Amino acid sequence: MSKFQAPKGVSEYFPPNSLQFEYVRDQLINNAKVAGYSLIELPMFEDTEVFTRGVGESTDVVSKEMYTFEDRGGRSITLRPEGTAGVMRSVIEHNLDRGQLPVKLFYSGAFFRAERPQAGRYRQFYQVGIEAIGYNDPEIDAEVISVADSAFKALGLKNYKLNITSLGDAKTRDLHRKDLVKFIAGLDLDESTSERAKLNPLRLFDDKREEIRSKMQGAPLILDYLSVESAEHFSKVKQLLESLKIDYFVNPRMVRGLDYYTGTAFEFEHELLGAQSGIGGGGRYDGLMGLLGGSDLSGIGFGLGVDRVLMACQAEGCLPESINPLQLFIVAISQEAKSVAFKLVSELRTLGVTCDMAYGDRGLKGGMKAADKSGALCTLVIGDDEISSGNCDLKIMKSGENVSSTLKASELVVKLGNIK
RNA sequence: GUGGGCGUAGCUCAGCUGGUAGAGCACCCGGUUGUGGUCCGGGAUGUCGCGGGUUCGAGCCCCGUCGCUCACCCCA
C-alpha cells in the first residue's frame with residue numbers, strides 16, 4: 001500500500017476510464033466548435049476579487065467554497081470555482097468585445113470548490129462551457145441551450161430534462177424579491193432556514209424538505225413579475241426551442257447558485273444520478289461585465305459537468321464498447337523480426353496508423369495474448385518467413401480471418417484503412 | 001459545518017455465536033515445432049486501515065484515530 005494518496009475529493013481518470021472521459025469531453029467540445037465557438041484557455045487561478053465581485057459575496061460558492069490563498073507577493077489568489085467570471089475578466093482585459101459581436105468562446109478544464117465530496121461532487125471537477133457575449137437576441141439564448149442539448153443527444157443520453165425559467169431584468173427582480181421577503185416573513189421557519197432566506201430568499205424554493213416545499217406553495221413566483229420585454233424575450237426563447245424540437249419544462253421555482261444571472265436561466269438534470277443530478281446549467285448575465293469593469297454588454301453561457309455527464313452516460317450504458325482502438329498490433333517472433341517490426345511501427349505511425357507492438361520475449365502465444373489485450377483491430381505476425389518473402393497476413397481479430405498483404409507500410413496503410 | 005454506512009489479496013467481496021484467512025475476476029507459467037478470445041492444469045499475492053484495550057487466543061468484542069463513501073447544505 002502506497003503512502004501517498006490523492007487529495008480528498010478529487011476525481012482521477014486513468015485507462016480505461018480516461019478514454020471514456022476524453023470521449024465525453026471531446027463530444028461536448030465538438031458541439032461547441034460546430035456552432036462557431038472558439039477556444040479560450042485561461043489560468044486556473046485569478047485575483048480573488050474576480051470571483052467575489054463577479055459571482056457574488058452572498059453565494060455559497062464565494063462565502064465558503066473557494067480555495068483562496070496568498071501568493072508570495074502577498075496577493076490574494078483563488079482557484080477558479082466556475083468559468084464565466086474568468087472569461088469576462090479576460091474579455092475585458094484584452095478588449096475582445098471591441099471586434100465583431102457576439103464573441104463566442106468555449107473553455108474546458110478543471111474547477112475547484114472546497115466542499116464535502118459525495119457522489120458526483122468533487123473538489124476538483126471538470127467543465128466544458130461556452131459564452132456568447134454582446135447581444136441579447138433570444139436566438140442566442142436558444143442557441144446556447146441547443147449546443148448543450150445536442151451534445152447530450154450526440155452522446156446518446158435520453159434520461160435528462162431541461163428546466164428553464166426567466167429571472168427578468170433588474171426591476172423585475174427587485175419587485176419580486178420584496179414580495180417574496182414579505183411572504184417568507186409570514187412563515188414559521190427554523191433558525192437556520194430563515195438565516196438562509198435572509199441571504200437569498202430564492203433559496204427556499206430549492207429546499208428538499210417536504211415541509212418547506214409545502215410552505216412555499218403559495219409563494220410569489222418571479223415569472224408573474226416579468227416586464228413586458230422580459231416576458232416577450234422569454235416566450236420567444238421557448239418558441240425557438242420548440243422549433244428545434246427541444247423539450248423543456250418551465251420551472252418557475254428553479255434557483256441558480258450564482259448571483260450574476262438575469263433573464264433566461266436553465267438547468268439540465270439527469271434522472272439516474274444521485275443527489276447531484278445537475279449535469280449542466282447556465283443563463284444570461286446582463287450586469288456581469290459592467291460589474292467587472294467592462295462595457296455594459298450582456299452575455300449568456302453554460303457550464304457542463306464532464307464528470308457528471310460521464311456518470312450519466314455510464315448509468316444509461318450509452319458509451320461505445322471500444323473507443324479509438326489501435327488499428328494494428330505487431331508480434332515479432334525473432335530478434336531480427338523485432339527490429340523489422342520496430343521500424344515498421346514507427347513508419348506506420350508517421351502515416352497515421354495507430355499501432356503498437358509486443359515487447360519482451362514472450363513468444364508467439366504471449367505476443368498474441370498481448371495483441372488481444374491491446375484491443376487492436378488487426379494483428380500482424382512477423383517471423384523469418386515474412387522477412388524472407390516480404391509477404392504477410394493481417395489477422396482481423398474480431399472474425400479471425402486473414403487478409404494477405406506485403407510488409408510495405410504503404411500497402412498496409414491501405415489494407416488497414418478498410419478494416420473497422 | 002451536521003448525520004449514516006464501510007475499511008480483509010491489484011479489483012469485487014465472503015469469513016457462521018472470538019480458535020493465528022478464503023472465493024471470483026485480473027495477473028504470470030504450462031497444455032511440446034508459427035496465431036489471441038473459450039476450456040483444463042499450475043503459480044505468486046495479504047503486518048485483515050492504524051494504535052491501544054478485553055481474552056489463553058481478536059479479521060470478528062470495546063475505545064481511540066485516520067481514511068473512504070453516501071446524504072443534508074450547496075452545486076457541475
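All values reported here derive from a predicted model rather than from experimental measurement. Just so it is clear, the values below take in all heavy atoms, side chains as well, and ignore hydrogens, waters and symmetry mates.
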If you measure from the Lys or Arg side-chain nitrogens to the Asp or Glu carboxylate oxygens, is any gap between A:R75 and A:E70 under 4.0 Å?
no
Assign A:D385 to base, sugar-phosphate, or nothing according to its heavy-atom contacts below 4.0 angstrom with the strands shown.
base
For the pair A:S63 (side chain) and A:T59 (backbone), establish whether a donor and an acceptor sit closer than 3.5 Å, ignoring hydrogens and angles.
yes
Please confirm whether A:F268 and A:F152 have ring centers closer than 6.0 angstrom.
yes
Rounded to the Å, how far apart are A:M368 CE and B:G36 C1'?
4 Å
Hey, does A:D393 reach any base, or is it just sugar-phosphate, or nothing, if we go heavy atoms under 4.0 Å?
nothing
Give one of base, sugar-phosphate or nothing for A:G363, where a contact means two heavy atoms less than 4.0 Å apart.
nothing
Can you tell me how far C1' in B:C16 sits from the matching atom in B:C11, rounded to whole Å?
26 Å
For B:C40 and B:G7, measure between their C1' atoms and round to the nearest Å.
37 Å
Separation of the C1' atoms in B:C56 and B:C25, to the nearest angstrom:
40 Å
With A:F112, which of A:E65, A:E82, A:M44 fulfils side-chain contact (heavy atoms from CB on, under 4.5 Å)?
A:M44
Answer with yes or no whether the side chains of A:Q276 and A:Y122 bring together a donor and an acceptor at under 3.5 Å.
no
May I ask you to check whether A:Y37 and A:F106 place their ring centres under 6.0 Å from each other?
no
Base-pairing string, 5' to 3', of RNA chain B - Watson-Crick or wobble, under 3.5 Å, | interstrand:
(((((((..((((........)))).(((((.......))))).....(((((.......))))))))))))....
Say you pick atom C1' in B:G52 and the same atom in B:G15; how far apart are they, in whole Å?
25 Å
Okay, side chain of A:R349, backbone of A:C355: is any donor-acceptor separation there less than 3.5 Å?
yes
With a 6.0 Å cut-off (strictly less than), is the heavy-atom count around CG of A:N418, excluding the residue itself, greater than 12?
yes
Mind checking the P distance from B:G42 to B:C6? Whole angstroms is fine.
37 Å
On a whole-Å scale, what distance lies between the P atoms belonging to B:G31 and B:G37?
13 Å
Give me the distance, rounded to whole Å, that separates B:C27 from B:G19 when you measure between the C1' atoms they each carry.
33 Å
Are there more than 12 heavy atoms of other residues, nucleotides or ligands under 6.0 Å from atom CG of A:N324?
no
Between the main-chain N or O of A:A110 and the side-chain N or O of A:R80, is there a donor-acceptor pair closer than 3.5 Å?
yes
Would one find more than 12 heavy atoms of other residues, nucleotides or ligands at under 6.0 Å from atom CZ of A:F205?
yes
Pairwise P distance, B:U12 and B:G51 [rounded to whole Å]:
23 Å
Taking only heavy atoms on the protein side, list every residue of residues 143-150 of chain A lying under 4.0 Å from any atom of RNA chain B, sorted numerically.
none
Does any donor-acceptor pair link the side chain of A:D372 with the base of B:G37 at a separation under 3.5 Å?
no
Mind listing the N/O atom pairs, protein and nucleotides 27-29 of chain B, below 3.5 Å?
unit_1	atom_1	unit_2	atom_2	d
B:C27	OP1	A:K373	NZ	3.3
B:C28	OP1	A:R362	NH1	3.4

Summarise protein proximity over nucleotides 66-76 of chain B in one line of letters, 5' to 3': B for base, S for sugar-phosphate only, - for none, counting protein heavy atoms closer than 4.0 Å.
-SS-SBBBBBB
Would the distance check show the side chain of A:R25 and the main-chain N or O of A:V306 forming a donor-acceptor pair, the cut-off being under 3.5 Å?
no
Detail all sub-3.5 Å separations between protein N/O atoms and N/O atoms belonging to nucleotides 44-46 of chain B.
none

May I ask you to say whether A:R89 pairs ionically with A:E46, meaning some side-chain N is under 4.0 Å from a carboxylate O?
yes
Checking A:K161 against A:F249: charged group under 6.0 Å from the ring centre and within 45 degrees of the axis?
yes
Is it the case that B:G36 (base atoms only) and A:K365 (side chain only) share a donor and an acceptor within less than 3.5 Å, ignoring hydrogens and angles?
no
Under 4.0 Å, heavy atom to any atom of RNA chain B: which of residues 313-328 of chain A qualify?
none
